[in-house]
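Just so we're on the same page: letters track the sequence lines, and every chain starts at 1.
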Number of protein chains: 2
Amino acid sequence: MENNLRIIPLGGCEEVGRNMTVFEYGKDIVILDMGIQFPEQDMPGINYVIPNTKYLRGKEKNIRAIIFSHGHMDHIGAAPLLLDKLGNPPIIGRPFTIELIKFRQEDYSSGSSKRLKITYIKNIKDEIKLGAFTIKFFQVDHAIMDAIGIIIHTPSATVIHPGDWMIEHKPIGRKKIEYRQLSKLPKPTVLMLESIGSTNTEKPITEKQMFDNLERLIKNAPARAIIATFSSQVQRIKQILEFASKVDKKVALDGFSMKMSVEIARKLGYVKTGKGTIIPINKINDYPDRKIIVLCTGAQGEENAVLPRIVNGEHKFIKIKKNDTIIFSSSVVPGNERTVQRLKDNLYRLSDNVIHSDVMDVHTSGHSNIKDIQEIIRQINPTYFIPVYANHFMLKEAAKIAYKMGIAKDKIIVPDNGFVIEVNKQSIKVDKKKVPTNYIFVDGSGVGDVGEIVLNDRRKLAEDGMFVIVAVVDKKTGQVKGSPDIISRGFIYLRESKELLAQTRRKVVNIVNKTTGSDQAVNWTHVKDEIRNKIGQFLFSKTERRPIILSVIIEV
Amino acid sequence: MENNLRIIPLGGCEEVGRNMTVFEYGKDIVILDMGIQFPEQDMPGINYVIPNTKYLRGKEKNIRAIIFSHGHMDHIGAAPLLLDKLGNPPIIGRPFTIELIKFRQEDYSSGSSKRLKITYIKNIKDEIKLGAFTIKFFQVDHAIMDAIGIIIHTPSATVIHPGDWMIEHKPIGRKKIEYRQLSKLPKPTVLMLESIGSTNTEKPITEKQMFDNLERLIKNAPARAIIATFSSQVQRIKQILEFASKVDKKVALDGFSMKMSVEIARKLGYVKTGKGTIIPINKINDYPDRKIIVLCTGAQGEENAVLPRIVNGEHKFIKIKKNDTIIFSSSVVPGNERTVQRLKDNLYRLSDNVIHSDVMDVHTSGHSNIKDIQEIIRQINPTYFIPVYANHFMLKEAAKIAYKMGIAKDKIIVPDNGFVIEVNKQSIKVDKKKVPTNYIFVDGSGVGDVGEIVLNDRRKLAEDGMFVIVAVVDKKTGQVKGSPDIISRGFIYLRESKELLAQTRRKVVNIVNKTTGSDQAVNWTHVKDEIRNKIGQFLFSKTERRPIILSVIIEV
């Protein structure tokens, strides 16, 4: 009997991030990526979100390997937490990807990278047998070195998964990547396509256009050039470093991830600069300003990141000067628009030369647009199509693109996280039952201990603050002794609200005395409910705010 | 002696919103606009921000009038609060603008609109003398009816202020607006130009393109057409209503501001629909789906707004059906990107026909782009240039545009809120002293009572929650009686953290007993500090979280 190939996205198919996909054939399991998702606005205090791996509980021994497509955090970030949890199955990746995982692992728990069972993909033509699976790879263009696409062969179907990808139409120093050869893989083929670009109608900026601009800016900068970009744009960072070496400028790197990525890339020989091109940040004042390039993180205005610290005057070695050239070689991550606008406002106050994508093409995205999606589908010509690694509405739009190109509706699946997709030579289908994929929040050292209840309280606390009432009650009489204590934060400025507090205290005394006044045994839960409701109403009537009201009653 | 004209922007020149500008000549004061600013992400719980009018304190009697350029909330929203505060000076505006102010005034405080001293601009050619000022008006294109530009004549200079503006290059049923005549006003002229478009290189979508798309979508909708737009897009709402009337469809309006705007516009005769075109929302099921258009607010995903309620299944009369056509005739306000993405995700799950600007031109902005800014500067050819009503970086970019067009640097001022700009025939200069313009927050019924301290507590509470410790101490022995009470919200799920709580209680007892153990009088502040510091460290060591720690100590 022929087995079905089962494809289960545990993350990455509803929102961008925490990418992780399970492939199951018979008992064998192979997994692609283990990423984190950055928290949304309504997840205050959360550091990041990881995929839910409940489905794999009890199946750990069947996991033949985890393959990592590339080294970005939304593809490798959850590895330190999940590999350990899954009993450290073998991991597979290109050298740069693996070195980044090792670094993250060590950063999370010192010594833990020694437990990793690593298979390096030394050559893109490597073939790896994993139980019923045969894994092959293909080259893709993305913002980071060693990004690869994955081919998963099973007797029932062949999956083609480019990971994150783009088509660079004018690559520098290499050929444009072709995907045509993938159309010859054994059918049926399933194309799982990262589809972030499915609503993007903009003409892409080529690498060449961008570098021509960046190089001109760097060369002609009247003083220092301060370039802020994503630490994930390792390919670009490499090119800037190598250009700096060519024009004999010095580069100071700042930002934890950026320094770390460059260090690893240099160790692997991926970045080739002259000796002394990279200088420590504390040495930038030893050279004339015209010789200095600062490459840093923080272009999203993230609190405590390098660029915001420079702008706020909190950076130890860099104060912006009027004639510094500041370049945002970055896009704005959705949700960060206002923060970035404020950062720009402040930068424009300090420097006369602030350059960003609105005024010059100094950034290209690592992702595709509609035309590229059409092109890759045309070249690969898959049997089945599954758009992945994007927001649901983007997946739907990618499905529309595929449908318009002639792929029948019953050969397209728009997955949600947790879908169990069964594929064989005859059909592609979704099981009725989904596997669990609810958010696992990481907050400080806690993994999964913050849930909706705690988050909901945080949202409420942020909205109108809190109001705590402590009353001491005489055991014998049931009457309040003295005046209740009130502590409040985030609700109102207490020093200027003395009358409101006095009134509240009187009300609390009345509520307690009345509720405890009868001869029956006192129901303290009822007393507290009364305080919460009545004081809540009272405070709302006075302020139109609804702080969280808590009370403590102490019997003495 | 010649007086200087003094121009003081109280808001609108650092971030978008709370637009308000003071013009002073001798003792006479004229004010333009009184808008609100919507809260930023780091202002949790705040409803909106209003301009700071401290500068006008003591000068109320000199205020000759407030002129309102148009009826959007960032231009009129603060009127109910500020007019009263300034002793209800006369207000001037076009009928639609004034009726909207009256409505907002009544909404804020019933009966208060009777106190307004109103001068209607009946004809765009009206001239109004206000002390040393003579005010004239000119037509502008913007998203709302009755938007006007203002000319402020003084003996020293003439100010030209288009308010919010755009150039509609293919207007429907009217001529393209020309500004050339403004170049003939008495010199020197000061062009104060709303400059939101100064980094916008995109080709504008014309009204005609947009309406062709909207009309086709409405006409061909297989079932209901649900159109979400800004309630501020009154011009568009009018055109949709009139088109619906033409093709004999019924329109149900939903959303407080939208219904209100349409009602006022109809009363003024600005919207002309057949009888029965507008139907109440609870009657939509009395007609075939193909006859129904729903016009609603909530395209930004605002909590409790109409479209999100429909999508979440909380709307009383509308459940989305697979063949409904949902149209976002709107852009995404910076900061709302993620919320809108989520809204789209959910809509795409419910309907197969979701249309937004990424997939079709169904929205045009009410603002200009770089080319339009060049065109208006060329036409008006001002002596002095002051970009306003946008983020600081946009103002700087607008200044660069003007400079490149030949306006000398010393004739361009990039203002901050609170700048005092002195203008006369010889020069334009900024005083050294700024007037106060710090944020005035409106939260519930409180105006200005929430400041940075309260906001900072809210941010901290949102991050890691709070932790309250209540200990009862024996007066005689200084020792804790029983076990301290702990209440916490937003920190950790207490039910699953019993061991942590038990350890914390023991630590509290130790801290109190040790600190109160000596024979000297107990310093309770010190005890509380000790609890905050030591318990803070302890909780951080266990969780890597920093809740706000508060303690109450009760002596009995």
Would you indicate whether the side-chain heavy atoms of B:Val454 and A:Phe491 approach each other to under 4.5 Å? no

So does A:Gly335 get a backbone contact from the side chain of B:Gln41, meaning a donor-acceptor N/O pair under 3.5 Å? yes

Does a salt bridge link A:Asp416 with B:Arg349, judged by any charged N lying under 4.0 Å from a carboxylate O? yes

Quick check for you: among B:Asn200, B:Leu461, B:Asp345, which has the greatest number of heavy-atom pairs under 4.5 Å with chain A? B:Asp345

Measure A:Ser497 against the heavy atoms of chain B and call it side chain, backbone, both or neither at under 4.5 Å. neither

Between A:Asp457 and B:Arg489 (side chain of the first, backbone of the second, donor and acceptor by atom type, cut-off under 3.5 Å), is there such a pair? no

Kindly check if the number of other-residue, nucleotide or ligand heavy atoms within 6.0 Å of NZ (A:Lys203) is above 12? no

Of the listed A:Glu496, A:Met394, A:Glu15, the one with the largest count of heavy-atom pairs under 4.5 Å with chain B is A:Glu15

Go through it in stages, so that I can follow the logic: the residues are A:Asp464 and B:Asp443, the test is side-chain contact (heavy atoms from CB on, under 4.5 Å), and I'd like the CA-CA distance, side-chain angles, deciding distance and then a yes or no. CA-CA 9 Å; A:Asp464 285 326; B:Asp443 179 1; 4.0 Å; yes

Look at the side chain of A:Arg458 and the backbone N and O of B:Glu463, then say whether any donor-acceptor pair between them is shorter than 3.5 Å. yes

Please state whether the side chain, the backbone, both or neither of B:Ser488 comes within less than 4.5 Å of a heavy atom of chain A. neither

Highest number of heavy-atom pairs under 4.5 Å with chain A: which of B:Leu347, B:Asp358, B:Asn456, B:Val340? B:Asp358

Taking B:Gly45, B:Pro44, B:Gly465 one by one, which has the highest count of heavy-atom pairs under 4.5 Å against chain A? B:Gly45

Which one of A:Arg338, A:Arg342, A:Glu303 satisfies the side-chain contact (heavy atoms from CB on, under 4.5 Å) criterion with B:Asp42? A:Arg342

Below 4.5 Å, heavy-atom pairs only: which of B:Gln341, B:Glu397, B:Glu14, B:His392 has the largest tally toward chain A? B:His392

Select, from A:Val16, A:Thr199, A:Ile492, A:Asn47, the one with the greatest count of heavy-atom pairs under 4.5 Å involving chain B. A:Thr199

For chain B, which of A:Arg546, A:His356, A:Lys481, A:Lys542 has the most heavy-atom pairs under 4.5 Å? A:His356

Over 12 non-hydrogen atoms of neighbours within 6.0 angstrom of NZ in A:Lys404: no

Within-4.5 Å side-chain heavy-atom neighbours: B:Leu550 and A:Val468: no

How are the rings of B:Phe393 and A:Tyr348 set relative to one another: parallel (under 30°), tilted (30 to 60°) or perpendicular (over 60°)? tilted

Please check if the side chain of A:Arg459 supplies one atom and the backbone of B:Ala462 the other of a donor-acceptor pair under 3.5 Å. no

After noting the C-alpha distance and the side-chain angles of B:Asp449 and A:Arg545, does the key distance pass the salt bridge (Lys or Arg N to Asp or Glu O under 4.0 Å) rule? CA-CA 12 Å; B:Asp449 66 334; A:Arg545 295 173 205 166; 2.8 Å; yes

Verdict with supporting geometry, A:Ile487 and B:Val552, side-chain contact (heavy atoms from CB on, under 4.5 Å): CA-CA 8 Å; A:Ile487 346 176; B:Val552 180; 3.2 Å; yes

